[in-house]
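Everything on this sheet refers to the single structure shown next.
Both ligands and their constituent atoms are indexed starting at 1 by order of listing.
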Amino acid sequence: MPITGLFGPEDFGNPAHSPNAPAPRRALNHKAPSVPMPSLEWTPDVERATAHLYEKVKAVIPPVEWPFMAPYIKAINELKRERNAVILAHNYQTPEIFHCVGDVGGDSLKLAIEATKVKADVIVQCGVHFMAETSKILNPSKTVLIPDSRAGCSLASSITGEDVRLLRERFPGVPVVAYVNTSADVKAEVDICCTSSNAVQVVESLGSDTVIMLPDQYLAKYVATKTKVKIIAWKGACEVHERFTGDELRAYREADPSVQIIAHPECPPDVVKEADFTGSTAHMIDWVRKNQSKRIVMVTECSMADNVQAELPNVEFVKPCNLCPHMKRITLPKILDSLLYMQEEVTIDPMIADKARRSVERMVNLKN
Ligand code: SF4
């Protein structure tokens with residue numbers, strides 16, 4: 001059924017709201033690192049030490065680029081051991097990060113769950129800021145670093161904790177579900193979190209005939225087609241997925257009727273309607289592994305197709321290439337600096353973190 005209502009900051013005149021404001025970058029620590037600065041030369045030793053990693057990405061990284069990446073990769077992997085650190089890499093990170101320095105790769109749900117099992121002292125989040133906050137929420141005693149704190153998200157910046165409080169005043173007693181793509185401040189105000197993998201299950205788990213689901217209006221519209229629960233949505237959108245259009249996908253299909261189209265539910269409804277399959281990044285990857293179709297249009301952030309292509313070189317990905325500018329702030333040199341200088345540390349007010357943890361853990365503990 002269609003969503004029941006759609007609200008945005010203008011409906012509440014909330015002065016605390018600052019849409020799409022990028023997080024200011026913290027002053028960086030320029031003190032000398034407490035570990036020696038690694039050499040970043042391309043040498044036969046670096047070539048030998050990284051040869052097994054190049055095997056993983058050779059389908060998507062040309063040999064001419066590898067000598068520029070390999071010294072950083074070797075240095076980062078050595079520093080991880082030195083710092084007792086683990087790198088969590090989102091599916092939208094570029095292949096040299098995802099496959100060559102990431103210890104755990106996946107979608108937001110997998111990273112959130114893996115963050116609870118981490119034994120290392122330090123977590124380096126290769127993803128955007130709300131993901132690093134989620135890791136800190138679940139690991140309050142660990143040091144959580146993000147290589148560039150300006151890596152934001154148009155969904156996370158579309159809503160504030162104050163917006164959620166105003167929504168609750170407007171709809172007293174209606175439970176609130178927040179997509180994990182929200183700040184700790186917002187997570188602290190809601191009943192439970194969800195990801196695109198489990199959104200329908202989370203909405204139905206609340207036992208209410210109406211649920212507020214925020215901040216992604218397109219994910220809310222998609223969930224509304226899958227459940228009888230009435231959904232009140234927020235006017236947020238992912239700036240990457242909302243750029244895809246149904247016309248664009250119809251053109252791909254007209255050019256090659258055998259092509260399979262798979263889309264993320266953050267896309268607008270006309271895109272989802274054109275798709276042969278709609279699912280979270282994890283579900284999209286499973287679908288590709290199972291179906292191994294010859295040509296696939298993967299309607300999501302561009303790097304994910306590269307990461308899957310590295311694993312399945314025989315599948316041809318047609319890429320309507322939309323990159324997330326926030327994810328692309330994370331680079332090998334910034335990851336190296338992050339581990340060298342132990343920057344930029346993610347901190348959350350402990351009272352907000354405690355409340356936010358309840359919402360995230362309630363989701364993580366949901367039985368399948
Ligand atoms: S792809 Fe969209 S939802 Fe994901 S981090 Fe970028 S802006 Fe946010």
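In this structure, F171 has its ring center under 6.0 Å from that of F7.
Residues L336 and L145 share a single hydrophobic cluster, defined by chaining ILVMFWY side chains whose heavy atoms lie under 4.5 Å apart.
The closest protein non-hydrogen atom to atom 8 (Fe) of ligand 1 is C153 SG, 2.4 Å. With respect to atom 2 (Fe) of ligand 1, the closest heavy atom belonging to the protein is C238 SG, 2.3 Å. With hydrogens left out, the protein atom closest to atom 4 (Fe) of ligand 1 is Y92 CE1, 4.0 Å, a heavy atom.
Shown in contact with E266 at under 4.0 Å from a heavy atom are these atoms of ligand 1, numbered in order with element: 3 (S). Each of the following atoms of ligand 1 lies closer than 4.0 Å to a heavy atom of S154: 7 (S). Under a 4.0 Å criterion applied to the non-hydrogen atoms of N181, ligand 1 contributes the atoms 3 (S).
Residue contact check for ligand 1: F130 places no non-hydrogen atom closer than 4.0 Å to it.
Between the side chains of T195 and K110, no donor N or O sits under 3.5 Å from an acceptor N or O. No side-chain donor-acceptor contact under 3.5 Å links T160 and E162.
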Could you walk me through whether E239 and H326 pass the side-chain hydrogen bond (donor to acceptor under 3.5 Å, both in side chains) check? CA-CA 10 Å; E239 67 188 79; H326 312 291; 3.0 Å; yes
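R357 places a side-chain N or O within donor-acceptor distance of the main-chain N or O of I137, the cut-off being under 3.5 Å.
C324 lies apart from atom 2 (Fe) of ligand 1 in this respect, since none of its N, O or S atoms is found at a distance under 2.8 Å.
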